[in-house]
Amino acid sequence: MFKGLVGLVTGGASGLGRATVEQLLKQGGRVVICDLPSSPGQETAKQLKENVAFVPVDVTSEKDVKNALQTTIDKFGRLDVVVNCAGIATASRVYNFKKDQPFDLKSFQKTIEVNLIGTFNVIRLSAGLIGKNAPDADGQRGVIVNTASVAAFDGQIGQAAYSASKAGVVGMTLPIARDLAKQGIRVVTIAPGLFRTPMMEQLPEPAIKSLEATVPFPPRLGHPQEFALLVQSIIQNPMLNGETIRLDGSLRMQP
Ligand SMILES: CC(=O)CC(=O)SCCNC(=O)CCNC(=O)[C@H](O)C(C)(C)COP(=O)(O)OP(=O)(O)OC[C@H]1O[C@@H](n2cnc3c(N)ncnc32)[C@H](O)[C@@H]1OP(=O)(O)O
Ligand SMILES: NC(=O)C1=CN([C@@H]2O[C@H](COP(=O)(O)OP(=O)(O)OC[C@H]3O[C@@H](n4cnc5c(N)ncnc54)[C@H](O)[C@@H]3O)[C@@H](O)[C@H]2O)C=CC1
């Protein structure tokens, strides 16, 4: 289905990103995994064997992202799809009255830096490369998929930084889609609910169970492959553009 397609997936060494890498490969695509040098990206690429390369990247670094784009060209000759999955989750109260301590500003800044600015950094640099593709019959040159979170809309206690970073991703989706429309590049954001990944597994199992119980249907954590299937649909459907799609079993998180 995706024969000849070249994708670049940030956060591709783990969780939702890794499932996306596997799905693109399964459909005949070629993929560059971008993830931190400390991630299992190298092993992941080895396990997946063919048509895949790992480039160590911090998404907040211009140099790293440019290097990953150069590797994409050197190895595969083009870039069609970017999927931004790299992200971090932080949790802290705005003011901890028990300890008389405010939210650590550095932690707030880091969350915004990785989740929002990192995503934008990858979009702005990769758009230049995707824009060089010859347009297809519909005028399309490529697709960018971002990952927000339902926390962009209904963040819980402790999620001020995380929710702000993800709301930023939601907020920039339409203007970037409008901006890149002339070049035939679509931009779509997915806002996942709860998915069983290493990020989610940082939470204690009782917290996971109680969150799971709040998902109307299906009352469980999502499988990462279900996220990857939506990425596939977004790539396939040219009318999807400038929108954020919740993928959450109709979950609305409680305070
Ligand atoms: C990854 C994604 O993109 C998807 C998601 O968002 S998954 C959802 C992830 N959610 C989180 O990570 C929640 C983050 N928040 C927390 O972990 C904690 O609130 C915190 C560590 C920031 C604060 O902990 P704390 O100060 O020790 O709070 P604690 O004493 O436990 O609770 C205080 C009150 O808040 C409530 N509360 C705390 N965390 C809660 C939660 N996650 N959900 C509902 N209520 C919560 C408690 O029930 C308690 O209520 P009362 O005041 O009525 O007793
Ligand atoms: N798991 C879930 O329930 C949900 C996840 N999300 C979002 O989905 C995305 C993927 O999350 P998961 O797969 O669950 O998490 P994960 O922790 O399994 O994977 C995230 C990957 O991003 C990488 N990463 C972190 N900072 C980076 C940086 N600066 N540069 C490059 N790579 C970096 C990590 O090394 C890791 O491999 C994140 O943006 C997360 O916020 C959103 C909603 C729900």
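Start at 1 and go down the list; that is how both ligands and their atoms are numbered.
- Within the 4.0 Å heavy-atom criterion, neither part of A151 lies near ligand 2.
- E205 has a carboxylate O that lies under 4.0 Å from a charged side-chain N of R196, or vice versa, which qualifies the two as a salt bridge.
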Could you walk me through whether K75 and Q70 pass side-chain contact (heavy atoms from CB on, under 4.5 Å), step by step? CA-CA 9 Å; K75 284 216 174 263; Q70 189 56 51; over 6 Å; no
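- R246 and D154 are joined by a salt bridge, as a carboxylate oxygen and a charged side-chain nitrogen come within less than 4.0 angstrom of each other.
- Polar contact check, K166 against ligand 2: a nitrogen or oxygen pair lies under 3.5 Å apart.
- Residue Y162 places at least one N or O, backbone or side chain, under 3.5 Å from an N or O of ligand 2.
- Residue contact check: L194 has heavy atoms under 4.0 Å from atoms 3 (O) of ligand 2.
- When the heavy-atom distances from atom 44 (C) of ligand 2 to S61, G193, A13, G17 are ranked, the shortest goes to G193.
- With ligand atoms numbered from 1 in the order given, ligand 2 contributes 13 (O), 18 (O) to contacts under 4.0 Å with heavy atoms of G15.
- Among the atoms of S39, none of the N or O lies under 3.5 angstrom from an N or O of ligand 2.
- Grouping the Ile, Leu, Val, Met, Phe, Trp and Tyr side chains by contacts below 4.5 angstrom, directly or via other members, places V21 with L24.
- The T147 neighbourhood of ligand 2 comprises atoms 7 (C), 8 (O), 9 (C), with distances under 4.0 Å to a heavy atom of that residue.
- The hydrophobic cluster around L229 extends to none of the other residues, as no ILVMFWY side-chain heavy atom falls under 4.5 Å of it.
- At under 3.5 Å, not a single nitrogen or oxygen of T60, backbone or side chain, sits near a nitrogen or oxygen of ligand 2.
- The distance criterion of under 3.5 Å between nitrogen or oxygen atoms is met by C85 with respect to ligand 2.
- Grouped by direct or indirect side-chain proximity (heavy atoms under 4.5 Å, Ile/Leu/Val/Met/Phe/Trp/Tyr only), F97 sits with Y95.
- The 12-atom threshold is not exceeded at CZ of R178, counting heavy atoms of other residues, nucleotides or ligands nearer than 6.0 Å.
- Here the side chains of K166 and N115 are in contact, with some heavy-atom distance below 4.5 Å.
- An N or O contact shorter than 3.5 Å is missing between P192 and ligand 2 by distance.
- For the pair C34 and ligand 2, the shortest N or O to N or O distance does not fall below 3.5 Å.
- With hydrophobic clusters built from ILVMFWY side chains whose heavy atoms lie under 4.5 angstrom apart, F120 shares a cluster with I112.
- Taking a cut-off of under 4.0 Å to the non-hydrogen atoms of V57, the atoms of ligand 2 that pass are 30 (N), 31 (C).
- Checked by distance only, ligand 2 and V114 stay at 3.5 Å or farther apart across all their nitrogen or oxygen atoms.
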